[in-house]
J.: 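What follows is a structure written as structure tokens; I'll ask about it next.
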Amino acid sequence: MSNDIKTPASAPTPAVDPRLLQREAGLAGYLDEFKRKVRGGDLGSLPVVIGLIVIWAVFSLNDGKYFAATTGTFVAYYMVGVGLLSLGLVFVLLLGEIDLSVGAVSGLAAALFAVLSVNHGMNPWLAVLATLVGGALIGALQGWIFAKIGVPAFVVTLAGFLGWQGVMLWLLGSSGTINLPDTGLNHFFSGNSFFMGGDIAGGYILATLATAALAVSSFLEQGRRRSAGVPFRPTSEIALRTVLLAVGAFGAAYVLNQDRGVPNALVVFLALLIIADFVLRRTSYGRKIFAVGGNIEASRRAGISVSAIRISVYAISGTFAALGGLAIAATTSAAGQAGADPNNLMMAIAAAVIGGTSLFGGRGRVWSALLGMLVISSIQAGLYMLGLNLDIQYMIMGVVLLAAVVVDSLSRRTQKSSGRA
């Protein structure tokens with residue numbers, strides 16, 4: 001008999017989540033993780049943030065009044081209408097598709113609202129509801145033709161771009177314009193300061209609520225993840241995020257309060273961004289959108305109804321297009337042919353792409369609409385102050401859009417080569 005004693009095999013080393021190692025290493029760990037993501041092509045919002053800093057620096061050096069409160073009000077007020085169009089387009093772009101009809105739908109929505117509320121005397125808020133439902137039905141119809149019949153989305157929405165403009169012109173009649181009364185949603189969107197009273201406290205109240213909401217939600221999530229035994233953000237990181245948001249929120253409120261306060265339209269835009277972000281990141285419906293945009297065949301095999309997702313996403317795009325049309329009409333207090341300006345469509349697509357949403361689907365966030373519109377509005381405000389002609393503005397915006405797409409393409413190529421795609 002052998003006297004050899006067999007020692008038990010050593011227990012396997014448990015796998016450690018790299019996020020735990022990163023957070024345990026403190027600031028150095030976060031810096032290493034940031035470098036790893038950049039090398040892997042996961043740039044996130046870094047390009048647009050750098051772009052904003054460069055834009056603000058260039059224009060402020062050319063004109064010291066660029067950072068005046070009036071410039072902040074201009075950016076905050078006029079970016080909302082097209083920003084809402086861009087927000088709806090983010091959902092469509094996540095599928096890897098496009099919606100060329102949002103500009104025409106926004107103009108049609110403003111015309112429909114004007115006809116119902118002005119020509120037929122309907123209650124303004126009821127007219128708003130009917131307009132939003134109309135936008136959703138238009139989007140759902142286009143999504144159904146694309147998803148069920150198989151007509152490419154580009155063709156369907158291009159036909160909508162032409163056809164809905166015709167319906168808009170028919171509704172407006174020979175005058176081509178219908179003036180809107182200062183009531184209902186039109187009055188709210190055209191309001192200069194939150195809470196309608198012009199009280200500067202409104203901006204600070206909003207900043208306080210936003211900061212408190214982030215802190216409370218972050219600590220609640222930390223508690224849930226700690227209880228479940230999964231990686232969670234340390235308290236120091238939550239505190240840093242909260243401080244950064246507080247600085248940005250109170251700084252923006254201070255600047256806007258130096259002029260006319262926080263615009264009501266901006267409050268609505270930010271609230272919708274938060275809701276849309278929750279839907280995309282925290283619900284099964286949002287995860288299905290990312291799944292369909294990433295791999296259609298895999299989504300089908302996983303039991304996802306691709307057709308239903310496509311139809312619903314186009315309905316969302318139509319709804320935001322209608323709301324954006326109402327916001328655009330409120331800036332001029334009239335529904336007219338300018339509401340379907342093709343430039344609104346181009347700027348909405350540009351904002352989503354510049355903000356970081358991929359044209360190839362499966363990657364992006366709704367905050368792209370805000371970041372992209374900040375870039376576009378900042379450039380427009382700066383060029384206006386410099387007195388440059390419209391042709392120069394278009395050329396510069398074209399270069400910025402092309403640069404954003406190039407960065408997106410290079411990022412995807414880097415991710416594939418590093419195995420992160």
J.: Is it true that a side-chain atom of T157 and a backbone atom of L100 form a donor plus acceptor pair closer than 3.5 Å?
T.: yes
J.: For a quick test of reading the model, state the closest non-hydrogen atom pair linking V75 to A381 and the distance between them.
T.: CG2-CB, 4.3 Å
J.: Under 3.5 Å, is there a donor-acceptor pair between the side chain of T73 and the main chain of A69?
T.: yes
J.: For R281, enumerate each residue passing the salt bridge (charged side-chain N to carboxylate O under 4.0 Å, His left out) test, keeping only those at least two apart in sequence or located in another chain.
T.: D277
J.: Should the ring pair F250 and Y204 be called parallel, tilted or perpendicular, given that the plane angle runs from 0 to 90° and is split at 30 and 60?
T.: parallel
J.: For G286, is there any backbone N or O sitting under 3.5 Å from a side-chain donor or acceptor partner on T283?
T.: yes
J.: Heavy-atom count around F154 CZ within 6.0 Å, excluding the residue itself: above 12?
T.: no
J.: Hey, does the side chain of T211 reach the backbone of A207 with a donor-acceptor pair shorter than 3.5 angstrom?
T.: yes
J.: Can you confirm whether I178 sits close enough to L172 that some side-chain heavy atom of one is under 4.5 Å from a side-chain heavy atom of the other?
T.: yes
J.: Does the side chain of F113 come within less than 4.5 Å of V118's, by heavy atoms?
T.: no
J.: Measure across S377 and F74 and return the closest heavy-atom pair with its distance rounded to 0.1 Å.
T.: O-CE2, 4.3 Å
J.: Tell me whether S299 contacts the main-chain N or O of A291 through its side chain, where contact means a donor paired with an acceptor under 3.5 Å.
T.: yes
J.: Using distance only, find each side-chain donor-acceptor pair of residues 163-171 under 3.5 Å and give its atom names and separation, not counting sequence neighbours.
T.:
from	atom 1	to	atom 2	distance (Å)
W164	NE1	Q142	OE1	2.9
Q165	NE2	F161	O	3.1

J.: Looking at S86 and A352, would you say the former's side chain and the latter's main chain have a donor-acceptor pair under 3.5 Å?
T.: yes
J.: Provide the closest heavy-atom pair for L326 versus A109 in the form atom of the first, atom of the second, distance.
T.: CD2-O, 4.2 Å
